[in-house]
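Any value given below was found using the heavy atoms of this structure, including those in side chains, with hydrogens, waters and symmetry copies removed. Since this is a predicted model, take the numbers as computed values, not measurements.
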Amino acid sequence: MARHLVTSALPYINGIKHLGNMVGSMLPADVYSRYLRQRGHDVLYICATDEHGTPAELAAKEAGLSVEEFCAQAHDAQKAVYDGFELAFDYFGRSSSQQNVEITQHFARKLNEKGFIEERAIRQVHSPVDGRFLPDRYVEGTCPHCGYDKARGDQCENCTRVLDPTDLIDPRSAISGSTELEVRETKHLFLLQSKLQHEVEAWIDAVSEEWPQLSSSIARKWLTEGLHDRAITRDLDWGVPVPADTWPELAAEGKVFYVWFDAPIEYIGATKEWADATGGDWKSWWYEADDVRYTEFMAKDNVPFHTVMFPATELGVREPWKMVDFVKGFNWLTYYGGKFSTSQKRGVFTDQALEILPADYWRYFLIANAPESDDSSFTWEHFTATVNKDLADTLGNFVNRVLSFSRKRFGDEVPAGHAAGEAEAKLGEEIARLLAEYEEQLEALQFRKAAAALRALWSAGNSYLEEKAPWLEIKTDPDGAALTLRTAMNLIHLYAVVSEPFIPATAAAMRGAFALEGDTATWVTAGQARALDTVPAGTAFTVPPVLFAKITDEDLESYRARFGGAPDA
């Protein structure tokens, strides 16, 4: 089996993330990683908090903490939420780790050695009121491209255009709000991306044919506009320090590397953190790793940095570092048509979601409505309808009525009854076909289509049950009713196995309903799907608690009242 390296965009350290962030990177990466593990592949799923740059300093200042204390607390808080969502990272690291410092400095030295870093004097925004130079995110103003009046000095949140602080109209300090800004000369390191343009283009041509159009089009747009040399250092107190053995003057001035230089390198750094903690071999995943397939997951605003800037960095060091094979980019999940926003506290945040309902409700809804081909909108009405129809009725009700009815009529063991007949053979063929469709869509990283195939698998069980009607069948043919229920119980077990990437807690509850000795199945073969005989007659079973509670009208009103949104929004 193949070795699969999976990473998702590093969540910023400044606060708990919203549902849009979850569905745009970490959750689909988790679903894919779980699926690959179940199919027997060797998988390493790596993520980390992105702790450098101005967001960390500004958030720490607002919290009244040192940046080190703030980042430590925020990392633990984010990790607790991701544990609540059952994200099965192999390691969730920190970009402030010593491992990342060392590897980032190694990359910088190598790039300098190969002629791709240059020290330049530039004119930079300085705030006399704050007594310091203002790096990109410390400057706010109006975007010159779209007119958004809260654009940051590195990127406009509204139109996603990459900016420099001096591009902004009516700039102001994000620290003090002062508009009395000056432009002064200072020195910084530049990554000479212009010298690497043709190499990045050739690499994109070689690997991007199977990427989603969103990912490849964003990368090619940047390349068409031309790669510009970009400053990779900043005037901050917190970050990976410029190494004094290579740039003593800049190191003495306290320069640190730009967060978008060190953050992607943290994928490697976090892998080394994992190796140092577990005794694993981090280099075999990243260095001369020709047997590894590397897949990245991220929202569209992160795509340029991972398809152009980080590849340019890797190419420039002239060392055999593993480069990404597949970039799964996502559009935005909106909240009633407007953007989720961490800074404006708009939308549902992941910790709030877990206060309301267990993780599987959110996992299924988000993946089933993942913003793959275009933006998708979260509304409480859509969420309620999906939970009630797909989870409570189609899956939950099927499990409950099969097990409850069988226990009532046949006791606490799977009944025997007749041998499988024509209806069961027809069902087995349908289940095998739908399972193949589900596998095909997961292999292709088409998450909405995979969710539709999984939903169809659940629906097939309901159709079979309605066709056989064991509650009527038992009156004239008890053995026939027993066969129907035994078949349906085998479907429940199959659902438990194949639903695990989407709804792991529910899958465990379904699987735990049956006292099967040595039940180590990680997937279902086509032959097993056709036979539906994994759970034999005589197997003891229990009826689990209600798997999914329906969302009531009163619940819906309370959600609207708390978070906003209305039926006509």
Side-chain angles (χ1 to χ4, degrees), residues 8-31 45 47-51 55-56 58-60 62-65 67 69-89 91-95 157 297-299 330 332-336 338-371 376-380 382-384 386-387 391 502-506 548-549 551 555-565:
S8 50
L10 308 186
Y12 272 127
I13 197 68
N14 61 329
I16 299 299
K17 303 299 114 179
H18 53 66
L19 294 181
N21 183 280
M22 175 63 71
V23 73
S25 57
M26 290 175 284
L27 181 55
D30 179 71
V31 171
Y45 175 25
C47 194
T49 38
D50 183 1
E51 301 187 8
L58 292 172
E62 184 178 345
L65 297 171
V67 68
E69 291 174 312
F70 172 80
C71 287
Q73 292 181 16
H75 171 86
D76 291 346
Q78 286 198 27
K79 181 61 164 59
V81 173
Y82 304 147
D83 287 345
F85 269 85
E86 296 205 37
L87 301 183
F89 303 117
Y91 197 82
F92 186 70
R94 303 181 59 184
S95 69
E157 187 182 53
F297 292 80
M298 69 201 65
F330 289 86
W332 303 126
L333 177 70
T334 65
Y335 185 74
Y336 285 89
K339 289 190 67 176
F340 279 83
S341 173
T342 302
S343 59
Q344 298 175 35
K345 302 292 189 289
R346 175 180 169 80
V348 185
F349 289 75
T350 49
D351 57 342
Q352 297 168 330
L354 294 178
E355 291 172 9
I356 297 169
L357 289 166
D360 281 358
Y361 290 71
W362 302 103
R363 288 177 63 102
Y364 175 78
F365 174 83
L366 291 171
I367 292 296
N369 297 280
S376 61
S377 179
F378 177 92
T379 70
W380 286 109
H382 187 198
F383 177 70
T384 297
T386 301
V387 166
L391 297 179
F502 278 69
I503 47 173
T506 305
F548 294 100
I551 297 174
D555 294 330
L556 179 56
E557 287 303 320
S558 71
Y559 302 154
R560 289 180 190 146
R562 178 176 176 183
F563 296 98

Distance-minimising heavy-atom pair for [X] and [Y]:
| X | Y | answer |
| --- | --- | --- |
| His382 | Ser377 | ND1-O, 4.1 Å |
| Leu354 | Trp362 | N-NE1, 4.3 Å |
| Phe548 | Leu391 | CD1-O, 3.4 Å |
| Gly347 | Phe563 | O-CD2, 3.9 Å |
| Ala74 | Ile13 | CB-O, 3.4 Å |
| Thr350 | Met22 | CG2-CE, 3.9 Å |

Determine whether [X] and [Y] make a side-chain contact, defined as any pair of heavy atoms from C-beta on separated by less than 4.5 Å.
| X | Y | result |
| --- | --- | --- |
| Glu51 | Val67 | no |
| Cys71 | Thr49 | no |
| Phe349 | Val81 | no |
| Cys47 | Phe297 | no |
| Asp30 | Tyr82 | no |
| Leu87 | Leu27 | yes |

For [Y], is there any backbone N or O sitting under 3.5 Å from a side-chain donor or acceptor partner on [X]?
| X | Y | result |
| --- | --- | --- |
| Tyr559 | Thr384 | no |
| Arg363 | Phe85 | yes |
| Arg560 | Trp380 | no |
| Gln78 | Gly15 | yes |
| Ser376 | Asn369 | yes |
| Tyr361 | Ala353 | no |
| Asp360 | Thr506 | yes |

Gap separating the [atom1] atom of [X] from the [atom2] atom of [Y], nearest 0.5 angstrom:
| X | Y | atom1 | atom2 | answer |
| --- | --- | --- | --- | --- |
| Asn14 | Phe70 | CG | CZ | 6.5 Å |
| Lys79 | Arg94 | NZ | CZ | 13.0 Å |
| Tyr364 | Ile503 | OH | CD1 | 8.5 Å |
| Gln352 | Leu19 | CD | CG | 8.5 Å |
| Asp555 | Leu357 | CG | CG | 7.5 Å |
| Thr379 | Tyr336 | OG1 | OH | 5.0 Å |

| said: Is the distance between the ring centroids of Trp332 and Phe330 under 6.0 Å? | reply: no
| query | Using a distance-only test with no angle check, is there a side-chain donor-acceptor pair under 3.5 angstrom linking Tyr45 and Ser8? | reply | yes
| query | Do the ring planes of Phe383 and Phe378 sit parallel (below 30°), tilted (30 to 60°) or perpendicular (above 60°)? | reply | tilted
